[in-house]
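Whatever order the structure lists them in is the order used to number ligands and atoms, beginning at 1.
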Amino acid sequence: MTTVLVTGGAGFIGANFLHFLRRERPRWHLINFDLLTYAGNPENLADLAGDPHYTFIRGDVADWEAVTRVFSRHDIDLVVHFAAETHVDRSILDPAVFVRTNVVGTGHLLEAARRTWGPEARARGRRFLQISTDEVFGSLGSHDPPVRETAPYAPSSPYSASKAGADWLARAYGRTYGLPVLLTHCSNNYGPYQFPEKLIPFALCQALEGKPVPIYGTGGNIRDWIYVEDHCRGLLAVLEGGEPGESYNLGGEQEISNLELVRLLLAELVAQRPDLGPRDHLITFVPDRPGHDWRYALDLTKVRTTLGWQPQVSLKEGLRRTVAWYLSHPGWLERVRTGEYRHFLQRQYGGVAG
Ligand code: NAD
Ligand code: TYD
């Protein structure tokens with residue numbers, strides 16, 4: 001039986017990936033190692049509780065003892081490393097925890113894998129998938145071509161710099177020790193279970209409550225959006241079919257400015273909840289994010305030609321599904337909007353949206 005260690009599985013993409021794996025690889029043993037920070041929610045995985053092939057371990061990737069214990073107690077074949085601090089705005093307010101979790105934590109996992117798996121790792125089919133982001137390539141201008149996997153790193157925020165540090169450690173473990181490391185760079189995900197600090201679920205929450213929807217700067221910044229299920233399919237394709245030592249871009253090929261995206265989202269919300277009435281008047285321009293990257297865009301040629309993967313869900317369809325999911329989970333939104341998160345909202349948005 002294949003045993004896969006998923007770190008950060010109680011977060012947004014990790015939870016979607018565990019659900020996806022349960023459907024697609026029902027015989028695999030899934031181990032979810034997660035610290036349950038403000039961003040991790042065990043309710044995201046409630047339906048896996050009681051599954052004999054699912055193990056949850058609460059632990060910190062930056063805790064060396066905890067990481068080595070997992071490797072000594074379980075015969076791990078595959079690691080899919082999602083666990084991270086992920087919100088750019090938080091990284092600007094409090095960068096230290098990003099260095100700890102993203103850089104030190106990734107270093108611990110790589111070292112534990114190297115020591116446990118030894119030089120036979122590749123021959124025995126072991127694999128370490130480092131989940132990276134398009135943000136490590138830095139900001140593009142409006143007319144720059146989308147970036148390939150070989151583009152130089154140029155991170156701007158403490159978040160993307162810490163992810164870049166983690167990526168370079170992963171690459172170094174591949175080069176120096178022959179650890180079978182693969183990397184994926186993904187663009188902005190959206191869909192079920194996303195914590196409402198990120199643009200789409202945050203705007204939805206605010207609009208549902210009739211509160212301002214803050215748009216940073218002019219709203220002209222461009223992101224490429226991928227529906228999370230497309231990302232999960234791409235990750236499995238890379239995990240099983242990718243070449244150790246290689247990196248793969250996974251994007252949605254759906255670039256749009258933040259302002260246009262929020263307008264589409266609000267239109268979809270009103271289409272599903274006509275009783276709310278028009279919501280566009282809630283859009284409120286606020287001071288820009290410091291160091292705000294203008295645009296991200298990924299070239300998907302490599303993953304398309306080598307693994308035959310491409311995104312399938314259009315932005316319109318993905319937004320329809322996403323709005324429907326949040327509307328049918330109002331209790332979920334309420335429960336995550338508490339404690340430390342409320343404090344963050346107050347620091348970040350003050351009187352505008354908190
Ligand atoms: P998230 O913030 O929703 O979840 C992160 C998870 O990691 C949470 O469950 C949290 O409890 C856990 N975690 C945090 N610190 C930990 C620690 N020290 N030890 C163990 N667990 C810890 O994140 P997400 O949006 O699901 O992102 C997952 C991964 O995908 C990250 O590595 C992120 O950089 C990458 N990524 C995200 C996006 C995106 O749009 N969300 C895009 C590209 C890449
Ligand atoms: P976010 O979801 O934080 O993802 P990232 O910064 O990793 O791309 O933000 C997406 C874009 O939306 C980004 O350009 C910042 C912008 N943004 C707003 O304009 N208002 C908001 O309230 C938030 C959270 C983000």
Side-chain angles (χ1 to χ4, degrees), residues 6-17 32-42 44-45 57-63 66-67 80-92 97-98 100-102 104-106 108-109 130-136 139 156-157 159-160 162-163 166-167 184-191 193-203 205-206 212-226 228 231 235 250-252 256-259 261-262 283-286 288-289 291-296 298 336 345 348-349 352-353:
V6 173
T7 69
F12 163 46
I13 306 173
N16 278 283
F17 187 67
N32 175 15
F33 183 83
D34 194 302
L35 183 58
L36 299 182
T37 67
Y38 77 95
N41 184 351
N44 296 351
L45 298 160
I57 301 168
R58 186 170 191 182
D60 181 352
V61 290
D63 174 350
V67 170
V80 184
H81 177 34
F82 294 102
E85 289 289 338
T86 61
H87 190 34
V88 173
D89 295 323
R90 281 178 185 265
S91 82
I92 295 168
V97 67
F98 285 71
R100 182 178 183 280
T101 294
N102 300 0
V104 176
T106 303
H108 284 353
L109 282 164
Q130 160 68 5
I131 310 294
S132 182
T133 157
D134 57 2
E135 304 195 22
V136 295
S139 186
S156 315
S157 69
Y159 162 66
S160 52
S162 67
K163 291 293 292 185
D167 289 3
T184 51
H185 299 285
C186 195
S187 57
N188 284 61
N189 284 230
Y190 67 103
Y193 304 111
Q194 186 167 30
F195 194 83
E197 64 188 351
K198 306 283 165 53
L199 179 60
I200 287 181
F202 183 56
C205 275
Q206 295 289 112
V213 175
I215 297 286
Y216 301 164
T218 62
N221 302 63
I222 295 163
R223 297 291 182 268
D224 167 46
W225 294 90
I226 182 171
V228 64
H231 185 194
L235 292 175
L250 299 172
I256 187 169
S257 74
N258 293 339
L259 185 56
L261 175 75
V262 167
I283 291 175
T284 306
F285 292 93
V286 299
D288 211 353
R289 171 189 280 173
H292 196 177
D293 284 337
W294 179 250
R295 171 176 168 241
Y296 307 128
L298 293 170
V336 296
L345 282 184
Q348 178 69 12
Y349 300 104
V352 179

Check each protein residue for a heavy atom under 4.0 Å from ligand 1 and list those that pass, ordered by chain and number.
G8, A10, G11, F12, I13, D34, L35, L36, T37, A39, G40, G59, D60, V61, F82, A83, A84, T86, T101, I131, S132, T133, Y159, K163, C186, S187, N188, N189
K198 to ligand 2: N or O pair under 3.5 Å?
no
Between ligand 2 and D89, is the shortest N or O to N or O distance under 3.5 Å?
no
When you compare the side chains of E135 and Y296, does any donor N or O come within less than 3.5 Å of an acceptor on the partner?
yes
Residues in side-chain hydrogen bond (donor to acceptor under 3.5 Å, both in side chains) contact with R100, at least two apart in sequence or another chain
D60
Under 4.0 Å, heavy-atom basis, I'd like to know which part of V286 is in contact with ligand 2: side chain, backbone, both or neither.
neither
For D288, check side-chain hydrogen bond (donor to acceptor under 3.5 Å, both in side chains) against everything at least two apart and list the hits.
H292
What's the shortest distance from atom 3 (O) of ligand 2 to any protein heavy atom, and which residue and atom give it?
R289 NH2, 3.1 Å
Polar-atom distance check: I215 versus ligand 2, any N or O pair below 3.5 Å?
no
Could you work out, with side-chain contact (heavy atoms from CB on, under 4.5 Å) as the rule, every residue matching S162, not counting sequence neighbours?
F98, N102, V103
Does ligand 2 have a heavy atom under 4.0 Å from the side chain of Y349, from its backbone, from both, or from neither?
side chain
Mind checking whether Y216 contacts ligand 2 via backbone (N, CA, C, O), side chain (CB onward), both or neither, at a 4.0 Å heavy-atom cut-off?
both
Does any N or O atom in N221 lie less than 3.5 angstrom from one in ligand 2, N or O only?
no
Contact check: L199 vs ligand 2, nitrogen or oxygen atoms, below 3.5 angstrom:
yes
Give yes or no for whether the N/O distance cutoff of 3.5 Å, strictly under, is met between Y296 and ligand 2.
no
